[in-house]
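One structure is given below, encoded as structure tokens.
Both ligands and their constituent atoms are indexed starting at 1 by order of listing. This is a predicted model, so every value here is computed, not measured.
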Amino acid sequence: MAPKAYDAVVLASFGGPEGQDDVIPFLRNVTRGRGIPDERLEEVSHHYRAFGGVSPINSQNRALRAAMEAELRRRGIDLPVFWGNRNWEPFIADTLQEAYDAGHRRVLAVTTSAYSCYSSCRQYREDLGMALVKTGLEGRLEVDKVRQYFDHPGFVEPFVEGVGEGLAKVRAGLAEQGTPDAPVHIMFSTHSIPMGDAEAARPHDAEGGPAYEEGAYVAQHLATAQAVLDRIPEAAGVEWSLVYQSRSGAPHIPWLEPDISDALRDRYEGGTRGVVIVPLGFVSDHMEVAWDLDTEALETCGELGIVADRVPTPGTHVKFVEGLIDLILERTVENNIADRPSATALGPWFDVCRPNCCANRRGEKPTIAAVDSTVGTPLPNPGM
Ligand SMILES: CC1=C(CCC(=O)O)c2cc3nc(cc4[nH]c(cc5[nH]c(cc1n2)c(C)c5CCC(=O)O)c(CCC(=O)O)c4C)C(CCC(=O)O)=C3C
Ligand SMILES: [Fe+2]
């Protein structure tokens with residue numbers, strides 16, 4: 001898509017509760033119309049309760065926003081960064097209104113989500129699209145979005161660093177135990193999604209780019225994991241796999257598998273004694289990482305006697321923050337960066353999503369940043 005003169009950035013995220021009283025209303029917001037059984041909500045509420053009802057995600061987003069502003073200032077670029085969420089305050093609609101009231105007319109969104117699937121791409125585009133409709137800013141505020149950035153070096157490099165360090169720690173732990181040569185496994189973990197969503201995560205039209213047998217969500221994770229490993233000499237020859245976590249939904253609906261806990265048990269039976277756990281699907285150490293990995297998966301490792309290390313998410317890693325700013329500058333007229341780096345053969349991903357990309361299987365909603373967008377941006381020339 002041709003560069004534009006954006007006048008503000010919106011960091012769009014998931015949101016999380018800020019106290020015990022927020023937990024249930026937050027969970028209702030997340031699962032509205034999504035067919036999640038009450039027992040699952042009850043179960044997940046305990047994760048938040050155990051953390052005082054406070055998700056770590058909001059403070060992480062405040063820190064990310066501050067880091068992005070600092071990096072823009074450092075480069076002498078005058079672009080304010082607003083922040084809004086899908087499921088909790090500040091809500092995206094209020095954020096767009098705030099940006100508009102402050103005089104901005106053309107904003108570029110960055111989401112805290114790197115891959116392509118309904119939950120991580122289209123749903124954010126719908127959040128922004130519906131916010132435009134709700135506020136009545138449709139046609140008055142232009143909203144675009146940076147490309148999904150799973151393969152941007154700024155996202156990949158912090159994992160390269162983390163996996164390298166994780167491998168060293170796990171090997172040192174095994175040596176301490178007197179089993180320095182015990183088999184080690186690198187386990188990349190991401191959010192499970194319904195199989196139907198995984199299959200829908202792709203461009204649908206004939207000329208809309210490559211289609212992927214396993215869906216773009218899985219293909220992007222596999223390619224990114226490989227890109228991380230290719231950059232770590234010490235990882236050569238180490239076995240690895242992609243596993244899934246945080247499954248919800250009704251039991252009879254198939255979701256991506258294997259679950260990380262099952263995978264850990266199977267690997268242990270196959271001889272693995274050290275595991276590097278890589279939260280490849282996530283941008284910050286929020287609840288899905290703090291609970292499902294640091295509490296549950298690490299507990300499973302402890303029970304089995306596996307030496308384990310959980311690698312950090314990109315968070316506010318300087319390379320990640322610089323990468324997000326580079327992604328913004330790919331799209332701006334001023335300070336434009338013409339280079340669109342990609343660490344995998346799949347990318348760089350589209351600035352403007354192809355028709356039906358990451359389809360909402362529960363019915364159409366207004367979206368931005370797609371060839372078939374009904375709000376957000378007039379798209380005379382959809383380009384890349
Ligand atoms: C792909 C994906 C990402 C990664 C991309 C991205 O980052 O956006 C992600 C992130 C997150 N998911 C999060 C929390 C939750 N996700 C839920 C439910 C669901 N997630 C799904 C998918 C994803 N989720 C799906 C298909 C569902 C089923 C309901 C539905 O079809 O929509 C539920 C409901 C209860 C449950 O069943 O677990 C909760 C509480 C938090 C916040 C953590 C915090 O508070 O720190 C974050 C960052
Ligand atoms: Fe989720």
Side-chain angles (χ1 to χ4, degrees), residues 11-19 22-62 64 85-89 92 109-127 145 148-150 155 189-198 200-201 215-218 220-221 244-251 253-256 259 279-296 313-315 358-363 365:
L11 180 65
S13 192
F14 197 91
E18 302 264 23
D22 296 347
V23 172
I24 296 299
F26 161 75
L27 290 175
R28 291 221 175 89
N29 287 346
V30 177
T31 56
R32 187 171 294 134
R34 302 297 299 170
I36 305 301
D38 282 352
E39 306 82 73
R40 171 67 191 169
L41 276 199
E42 175 66 20
E43 145 85 29
V44 175
S45 70
H46 295 302
H47 308 173
Y48 286 97
R49 299 256 181 252
F51 282 72
V54 182
S55 164
I57 198 170
N58 294 336
S59 59
Q60 287 160 2
N61 280 324
R62 288 190 192 97
L64 180 59
N85 301 309
R86 172 185 301 163
N87 299 300
W88 204 251
E89 292 160 11
I92 286 173
V110 176
T111 71
T112 55
S113 178
Y115 298 85
S116 298
C117 76
Y118 175 68
S119 307
S120 46
C121 179
R122 178 177 287 257
Q123 200 174 0
Y124 283 107
R125 294 192 283 103
E126 289 177 352
D127 294 334
K145 183 185 84 48
Q148 296 307 96
Y149 50 77
F150 60 95
F155 184 70
S189 186
T190 191
H191 208 298
S192 185
I193 57 173
M195 293 292 290
D197 279 0
Y217 186 71
V218 175
Q220 289 169 350
H221 280 87
Y244 302 91
Q245 60 170 93
S246 319
R247 183 203 202 282
S248 65
I253 295 171
W255 284 51
L256 291 173
D259 184 80
L280 191 70
F282 304 105
V283 164
S284 74
D285 288 4
H286 51 57
M287 195 58 100
E288 310 297 81
V289 176
W291 187 270
D292 300 59
L293 297 182
D294 294 350
T295 310
E296 286 185 346
T313 50
C358 301
N360 180 352
R361 298 178 301 125
R362 289 171 169 81
K365 285 182 179 164

Say you draw a straight line from OG1 of Thr112 to OH of Tyr124; how long is it, rounded to the nearest 0.5 Å? 4.0 Å
Within reach of ligand 1, part of Ile36 (heavy-atom separation under 4.0 Å): side chain
Tell me, with the steps shown, if Phe14 and Val30 meet side-chain contact (heavy atoms from CB on, under 4.5 Å). CA-CA 9 Å; Phe14 197 91; Val30 177; 3.8 Å; yes
Are Ile57 and Trp88 close enough, and set up right, to give a side-chain contact (heavy atoms from CB on, under 4.5 Å), and what steps lead you there? CA-CA 11 Å; Ile57 198 170; Trp88 204 251; over 6 Å; no
Should we say atom CZ of Arg49 is surrounded by more than 12 heavy atoms from elsewhere, each under 6.0 Å from it? yes
For ligand 1, which atoms, with element, lie under 4.0 Å from some heavy atom of Thr31? 34 (C)
Within a distance under 4.0 Å of any heavy atom of Ser113, pick out the atoms of ligand 1 and give their elements. 5 (C), 6 (C), 8 (O)
Atoms of ligand 1 less than 4.0 Å from Ile57 heavy atoms? 46 (O), 48 (C)
I'd like the name of whichever of Trp291, Tyr244, Tyr48 reaches closest to atom 43 (C) of ligand 1 through any heavy atom. Tyr48
Distance check, rounded to the nearest 0.5 Å: Asn85 atom CG versus Asn58 atom CG? 5.5 Å
Please report whether ligand 1 has a polar contact with Gln123, defined as an N or O pair separated by less than 3.5 Å (distance criterion only). no
Heteroatom proximity flag, Ser55 to ligand 1, N/O under 3.5 Å: yes
Which of the atoms of ligand 1 are close to Ser120, meaning less than 4.0 Å from one of its heavy atoms? 5 (C)
Would you say Leu27 has any N or O atom under 3.5 Å from an N or O of ligand 1, going by distance alone? no
Answer with yes or no whether Trp255 contacts ligand 1, where contact means a heavy atom under 4.0 Å from a ligand atom. yes
Ligand 1 to Thr112, heavy atom cutoff 4.0 Å, flagged ligand atoms 7 (O)
Closest heavy-atom contact between Pro25 and Asp22? CD-O, 3.3 Å
Closest to atom 22 (C) of ligand 1 (heavy atoms only, candidates Arg40, Gln60, His191) is His191
Tell me the nearest of Tyr217, Phe14, Phe51 to atom 12 (N) of ligand 1, using heavy-atom distances. Phe14
Specify side chain, backbone, both or neither for Tyr115, according to which of its non-hydrogen atoms lie closer than 4.0 Å to ligand 1. neither
Please report whether ligand 1 has a polar contact with Ser192, defined as an N or O pair separated by less than 3.5 Å (distance criterion only). no
Any N/O pair His286/ligand 1 closer than 3.5 Å: no
Check each of Arg125, Lys365, Glu126 against Asn360 using the side-chain hydrogen bond (donor to acceptor under 3.5 Å, both in side chains) test, and report the only one that passes. Glu126
Show which atoms of ligand 1 fall inside a sub-4.0 Å distance from at least one heavy-atom site of Ile193. 1 (C)
From His46, His47, Arg40, residue fulfilling side-chain hydrogen bond (donor to acceptor under 3.5 Å, both in side chains) relative to Glu43: His47
Atoms in ligand 1 flagged as close to Val30, the criterion being non-hydrogen separation under 4.0 Å: 17 (C), 33 (C), 34 (C), 39 (C)
Nearest protein heavy atom with distance in Å, relative to atom 32 (O) of ligand 1: Arg34 NE, 3.1 Å
Step by step, work out the side-chain contact (heavy atoms from CB on, under 4.5 Å) result for Ser192 and Asp259. CA-CA 8 Å; Ser192 185; Asp259 184 80; over 6 Å; no
Can you tell me how the ring of His221 sits relative to the ring of Tyr115, calling it parallel under 30°, perpendicular over 60° and tilted otherwise? parallel
Could you check Val218 against Tyr244 for side-chain contact (heavy atoms from CB on, under 4.5 Å), going step by step and ending with a plain yes or no? CA-CA 10 Å; Val218 175; Tyr244 302 91; 3.7 Å; yes
With sequence neighbours excluded, tell me which residues meet ring pair (Phe, Tyr, Trp, His ring centres under 6.0 Å) with Phe26. Tyr48
Any idea how many protein N, O or S atoms are nearer than 2.8 Å to the Fe ion (ligand 2)? 1
